[in-house]
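Report on the structure given below.
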Amino acid sequence: MVEPDRDAPGRGHPPSPIRCVVTAGPTREYFDPVRFLSNPSTGRMGYALAGQAAARGWSVDLVAGPTELPEPDGVLFYPVETGEEMLHQVDALLPACDVLLMTAAVTDFRPATYHEQKEKKDGRSRSVQLEPVPDLLATFAERRGGHPRPLLVGFAAETEELEAHARAKLLRKNLDLIAANRVDGPAGAFGAERSTLLVLDRQGRRQEWGPAPKVELASLLLDRVEELLAHAPTA
Ligand code: CTP
(Lines give C-alpha, C1' and ligand atoms only; values in the text may rest on other atoms or scores of the structure.)
Protein backbone atom coordinates (compact mmCIF):
# COMPACT_ATOMS: atom_id res chain seq x y z
CA MET A 1 0.00 0.00 0.00
CA VAL A 2 1.28 3.44 -0.87
CA GLU A 3 0.83 5.97 1.92
CA PRO A 4 -0.76 9.23 0.81
CA ASP A 5 1.75 12.05 0.39
CA ARG A 6 0.30 14.44 2.96
CA ASP A 7 2.70 17.17 1.93
CA ALA A 8 2.00 16.95 -1.79
CA PRO A 9 1.20 20.35 -3.29
CA GLY A 10 -2.47 21.03 -3.80
CA ARG A 11 -3.68 18.86 -0.89
CA GLY A 12 -5.25 21.85 0.76
CA HIS A 13 -2.75 22.53 3.54
CA PRO A 14 0.79 23.86 3.53
CA PRO A 15 3.74 21.43 3.76
CA SER A 16 5.14 21.00 7.28
CA PRO A 17 8.07 23.31 7.90
CA ILE A 18 11.65 22.09 8.16
CA ARG A 19 12.54 21.77 11.84
CA CYS A 20 16.08 22.79 12.67
CA VAL A 21 18.30 23.18 15.69
CA VAL A 22 21.03 25.79 15.33
CA THR A 23 23.87 26.05 17.83
CA ALA A 24 25.84 29.28 18.02
CA GLY A 25 28.43 31.24 19.92
CA PRO A 26 31.19 30.09 22.23
CA THR A 27 30.90 27.80 25.21
CA ARG A 28 32.58 28.53 28.54
CA GLU A 29 34.33 26.09 30.85
CA TYR A 30 34.74 27.42 34.38
CA PHE A 31 37.73 27.06 36.72
CA ASP A 32 35.83 28.77 39.54
CA PRO A 33 32.76 31.05 39.72
CA VAL A 34 34.54 33.96 38.01
CA ARG A 35 37.11 32.44 35.62
CA PHE A 36 36.63 30.41 32.51
CA LEU A 37 38.20 29.07 29.33
CA SER A 38 36.51 30.11 26.08
CA ASN A 39 37.12 31.50 22.55
CA PRO A 40 36.33 34.68 20.58
CA SER A 41 33.25 33.37 18.72
CA THR A 42 30.60 36.09 18.42
CA GLY A 43 27.78 33.80 17.24
CA ARG A 44 27.16 35.85 14.09
CA MET A 45 27.10 32.92 11.65
CA GLY A 46 24.69 30.88 13.78
CA TYR A 47 22.40 33.84 14.44
CA ALA A 48 22.38 34.66 10.71
CA LEU A 49 21.40 31.05 9.94
CA ALA A 50 18.71 31.00 12.63
CA GLY A 51 17.25 34.33 11.44
CA GLN A 52 17.29 33.35 7.76
CA ALA A 53 15.78 29.94 8.50
CA ALA A 54 12.95 31.49 10.54
CA ALA A 55 12.36 34.05 7.77
CA ARG A 56 11.80 31.25 5.28
CA GLY A 57 9.26 29.57 7.55
CA TRP A 58 11.41 26.88 9.17
CA SER A 59 10.78 26.04 12.79
CA VAL A 60 13.99 27.06 14.58
CA ASP A 61 15.46 26.20 17.98
CA LEU A 62 18.53 28.31 18.70
CA VAL A 63 20.85 26.91 21.37
CA ALA A 64 23.50 29.52 22.06
CA GLY A 65 26.43 30.19 24.32
CA PRO A 66 26.93 33.75 25.60
CA THR A 67 26.87 36.39 22.81
CA GLU A 68 25.91 40.05 22.59
CA LEU A 69 23.54 39.55 19.68
CA PRO A 70 19.78 40.15 19.87
CA GLU A 71 17.64 37.01 19.51
CA PRO A 72 16.44 36.71 15.91
CA ASP A 73 12.67 37.02 15.41
CA GLY A 74 10.66 33.84 15.26
CA VAL A 75 13.07 31.42 16.95
CA LEU A 76 12.84 29.53 20.22
CA PHE A 77 15.90 30.52 22.23
CA TYR A 78 17.79 28.25 24.65
CA PRO A 79 20.75 29.94 26.37
CA VAL A 80 23.55 27.69 27.64
CA GLU A 81 27.08 28.19 28.90
CA THR A 82 29.10 24.97 29.01
CA GLY A 83 29.63 22.26 26.42
CA GLU A 84 27.87 19.77 28.69
CA GLU A 85 24.78 22.05 28.91
CA MET A 86 24.79 22.45 25.13
CA LEU A 87 25.04 18.68 24.71
CA HIS A 88 22.00 18.04 26.94
CA GLN A 89 19.92 20.85 25.46
CA VAL A 90 20.52 19.80 21.85
CA ASP A 91 20.01 16.16 22.75
CA ALA A 92 16.55 17.01 24.13
CA LEU A 93 15.59 18.86 20.94
CA LEU A 94 17.09 16.49 18.39
CA PRO A 95 14.32 13.84 18.21
CA ALA A 96 11.94 16.44 16.73
CA CYS A 97 14.42 17.92 14.31
CA ASP A 98 15.26 17.44 10.61
CA VAL A 99 18.63 19.17 10.61
CA LEU A 100 21.24 20.25 13.14
CA LEU A 101 23.36 23.24 12.12
CA MET A 102 26.26 23.13 14.53
CA THR A 103 28.00 26.52 14.24
CA ALA A 104 28.88 26.73 17.94
CA ALA A 105 32.56 27.11 18.77
CA VAL A 106 32.57 24.49 21.50
CA THR A 107 35.53 24.94 23.84
CA ASP A 108 37.39 21.65 23.54
CA PHE A 109 38.87 21.40 27.03
CA ARG A 110 37.62 22.05 30.53
CA PRO A 111 39.40 22.23 33.88
CA ALA A 112 39.40 18.80 35.48
CA THR A 113 38.64 20.42 38.85
CA TYR A 114 36.10 23.14 39.60
CA HIS A 115 36.65 25.28 42.70
CA GLU A 116 33.40 26.30 44.41
CA GLN A 117 35.00 29.47 45.78
CA LYS A 118 37.00 32.08 43.88
CA GLU A 119 40.62 30.89 43.81
CA LYS A 120 42.85 33.39 45.58
CA LYS A 121 46.12 34.40 43.96
CA ASP A 122 49.28 33.91 46.00
CA GLY A 123 51.96 35.10 43.57
CA ARG A 124 52.97 31.56 42.62
CA SER A 125 52.57 29.89 39.23
CA ARG A 126 50.19 27.01 39.00
CA SER A 127 49.31 24.40 36.43
CA VAL A 128 45.82 23.31 35.60
CA GLN A 129 44.77 19.88 34.44
CA LEU A 130 42.42 20.04 31.45
CA GLU A 131 40.14 17.25 30.28
CA PRO A 132 38.38 16.94 26.91
CA VAL A 133 34.81 18.18 26.49
CA PRO A 134 32.68 15.55 24.70
CA ASP A 135 32.41 16.03 20.94
CA LEU A 136 28.75 16.89 20.45
CA LEU A 137 28.52 16.20 16.73
CA ALA A 138 30.35 12.89 16.97
CA THR A 139 28.05 11.90 19.87
CA PHE A 140 24.89 12.75 17.90
CA ALA A 141 26.19 11.00 14.76
CA GLU A 142 26.82 7.85 16.78
CA ARG A 143 23.33 7.97 18.35
CA ARG A 144 21.75 8.52 14.94
CA GLY A 145 23.20 5.16 13.90
CA GLY A 146 22.38 4.46 10.27
CA HIS A 147 19.37 6.82 10.17
CA PRO A 148 19.42 9.57 7.58
CA ARG A 149 17.89 12.13 9.94
CA PRO A 150 18.53 14.47 11.48
CA LEU A 151 20.92 15.75 8.88
CA LEU A 152 24.13 16.83 10.61
CA VAL A 153 25.90 19.96 9.38
CA GLY A 154 29.24 20.84 10.94
CA PHE A 155 31.41 23.94 10.71
CA ALA A 156 35.17 24.08 10.74
CA ALA A 157 37.40 27.02 11.55
CA GLU A 158 40.93 26.31 10.37
CA THR A 159 44.20 28.22 10.33
CA GLU A 160 45.84 25.99 7.67
CA GLU A 161 45.02 23.25 5.17
CA LEU A 162 41.38 24.27 5.16
CA GLU A 163 40.07 21.67 2.74
CA ALA A 164 42.06 18.70 4.05
CA HIS A 165 41.10 19.39 7.67
CA ALA A 166 37.46 20.05 6.79
CA ARG A 167 37.17 16.84 4.79
CA ALA A 168 38.80 14.88 7.61
CA LYS A 169 36.23 16.29 10.09
CA LEU A 170 33.34 15.54 7.73
CA LEU A 171 34.39 11.88 7.65
CA ARG A 172 35.62 11.50 11.23
CA LYS A 173 32.45 13.00 12.75
CA ASN A 174 30.17 11.24 10.26
CA LEU A 175 28.50 14.44 9.03
CA ASP A 176 26.36 15.07 5.96
CA LEU A 177 27.84 18.47 5.19
CA ILE A 178 30.65 20.65 6.49
CA ALA A 179 31.12 24.39 5.99
CA ALA A 180 34.66 25.59 6.57
CA ASN A 181 36.33 28.95 6.80
CA ARG A 182 39.80 30.21 7.42
CA VAL A 183 40.73 31.89 10.68
CA ASP A 184 43.73 34.23 10.48
CA GLY A 185 45.29 35.87 13.48
CA PRO A 186 44.01 35.67 17.04
CA ALA A 187 40.38 36.52 16.23
CA GLY A 188 40.42 36.02 12.43
CA ALA A 189 37.00 35.28 10.94
CA PHE A 190 35.36 35.55 14.35
CA GLY A 191 33.04 38.54 14.42
CA ALA A 192 33.63 39.64 10.83
CA GLU A 193 30.61 40.86 8.87
CA ARG A 194 31.78 39.14 5.68
CA SER A 195 33.28 35.72 5.30
CA THR A 196 33.92 32.89 2.85
CA LEU A 197 32.68 29.31 3.06
CA LEU A 198 33.98 26.11 1.57
CA VAL A 199 31.17 23.54 1.65
CA LEU A 200 31.86 19.82 1.26
CA ASP A 201 29.48 16.87 1.24
CA ARG A 202 30.02 13.12 1.52
CA GLN A 203 29.53 12.57 -2.20
CA GLY A 204 32.60 14.69 -2.99
CA ARG A 205 30.73 17.85 -4.05
CA ARG A 206 32.70 20.99 -3.32
CA GLN A 207 31.37 24.57 -3.35
CA GLU A 208 33.10 27.84 -2.53
CA TRP A 209 31.12 30.95 -1.63
CA GLY A 210 32.11 34.55 -0.83
CA PRO A 211 33.60 36.76 0.35
CA ALA A 212 30.03 37.80 1.14
CA PRO A 213 27.99 39.02 4.12
CA LYS A 214 27.26 36.20 6.58
CA VAL A 215 23.51 36.48 5.98
CA GLU A 216 24.07 35.77 2.28
CA LEU A 217 26.28 32.78 3.06
CA ALA A 218 23.65 31.58 5.53
CA SER A 219 20.98 31.74 2.87
CA LEU A 220 23.10 29.76 0.36
CA LEU A 221 23.75 27.13 2.99
CA LEU A 222 20.04 26.82 3.80
CA ASP A 223 19.32 26.32 0.07
CA ARG A 224 21.87 23.49 0.10
CA VAL A 225 20.26 21.93 3.20
CA GLU A 226 16.81 22.11 1.58
CA GLU A 227 18.26 20.29 -1.43
CA LEU A 228 19.78 17.56 0.76
CA LEU A 229 16.59 17.13 2.80
CA ALA A 230 14.54 16.83 -0.35
CA HIS A 231 16.66 13.80 -1.30
CA ALA A 232 17.18 12.26 2.16
CA PRO A 233 14.70 9.45 2.92
CA THR A 234 12.53 10.08 5.99
CA ALA A 235 13.51 7.84 8.91
N1 CTP B 1 32.20 20.44 17.75
C2 CTP B 1 31.41 19.66 18.58
N3 CTP B 1 31.86 19.31 19.82
C4 CTP B 1 33.08 19.70 20.23
C5 CTP B 1 33.90 20.48 19.39
C6 CTP B 1 33.43 20.84 18.15
O7 CTP B 1 30.29 19.29 18.19
N8 CTP B 1 33.51 19.34 21.44
C9 CTP B 1 31.68 20.79 16.42
C10 CTP B 1 31.68 22.27 16.12
O11 CTP B 1 30.47 22.87 16.52
C12 CTP B 1 31.83 22.29 14.61
C13 CTP B 1 32.67 21.06 14.33
O14 CTP B 1 32.54 20.21 15.47
O15 CTP B 1 30.60 22.13 13.95
C16 CTP B 1 34.14 21.34 14.09
O17 CTP B 1 34.63 22.11 15.16
P18 CTP B 1 36.14 22.63 15.18
O19 CTP B 1 36.35 23.44 16.41
O20 CTP B 1 36.50 23.20 13.84
O21 CTP B 1 36.92 21.28 15.26
P22 CTP B 1 37.26 20.34 16.45
O23 CTP B 1 36.38 19.14 16.36
O24 CTP B 1 37.24 21.08 17.73
O25 CTP B 1 38.73 19.86 16.05
P26 CTP B 1 40.12 20.68 16.14
O27 CTP B 1 40.06 21.50 17.39
O28 CTP B 1 41.13 19.57 16.20
O29 CTP B 1 40.25 21.51 14.88
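Heavy atoms only: backbone and side chains are in, while hydrogens, waters and symmetry mates are out. Counting starts at 1 for both ligands and their atoms, following the listed order.
Distance alone, capped at 3.5 Å, places no donor-acceptor pair between the Arg149 side chain and the Val99 backbone. Arg110 contributes no side-chain N or O that, together with a main-chain N or O of Glu131, makes up a donor-acceptor pair within less than 3.5 Å.
A salt bridge is absent between Lys169 and Asp135: the closest approach of a Lys/Arg side-chain nitrogen to an acidic carboxylate oxygen does not fall below 4.0 angstrom. A salt bridge links Asp223 to Arg56: one of the charged nitrogens lies within less than 4.0 Å of a carboxylate oxygen. With respect to Arg206 and Glu163, a salt bridge is recorded, a charged nitrogen being found less than 4.0 Å from a carboxylate O.
Side-chain N/O atoms of His115 and Glu119 include a donor and acceptor closer than 3.5 Å.
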Output, or 'none' if empty, a list of ligand 1-protein atom pairs in which both atoms are N or O and the distance is under 3.5 Å, rounded to 0.1 Å.
residue, atom, partner, partner atom, Å
ligand 1, 3 (N), Leu136, N, 3.0
ligand 1, 7 (O), Leu136, N, 3.3
ligand 1, 7 (O), Leu137, N, 2.9
ligand 1, 8 (N), Pro134, O, 3.0
ligand 1, 11 (O), Met102, O, 3.2
ligand 1, 11 (O), Ala104, O, 2.7
ligand 1, 14 (O), Lys173, NZ, 2.8
ligand 1, 15 (O), Met102, O, 2.7
ligand 1, 15 (O), Phe155, N, 2.9
ligand 1, 15 (O), Phe155, O, 3.2
ligand 1, 20 (O), Ala157, N, 3.4
ligand 1, 20 (O), Lys169, NZ, 2.7
ligand 1, 21 (O), Lys169, NZ, 2.9
ligand 1, 23 (O), Lys173, NZ, 2.5
ligand 1, 24 (O), Asp108, OD1, 3.1
ligand 1, 24 (O), Asp108, OD2, 3.0
ligand 1, 27 (O), Asp108, OD2, 3.3
ligand 1, 29 (O), Lys169, NZ, 2.8

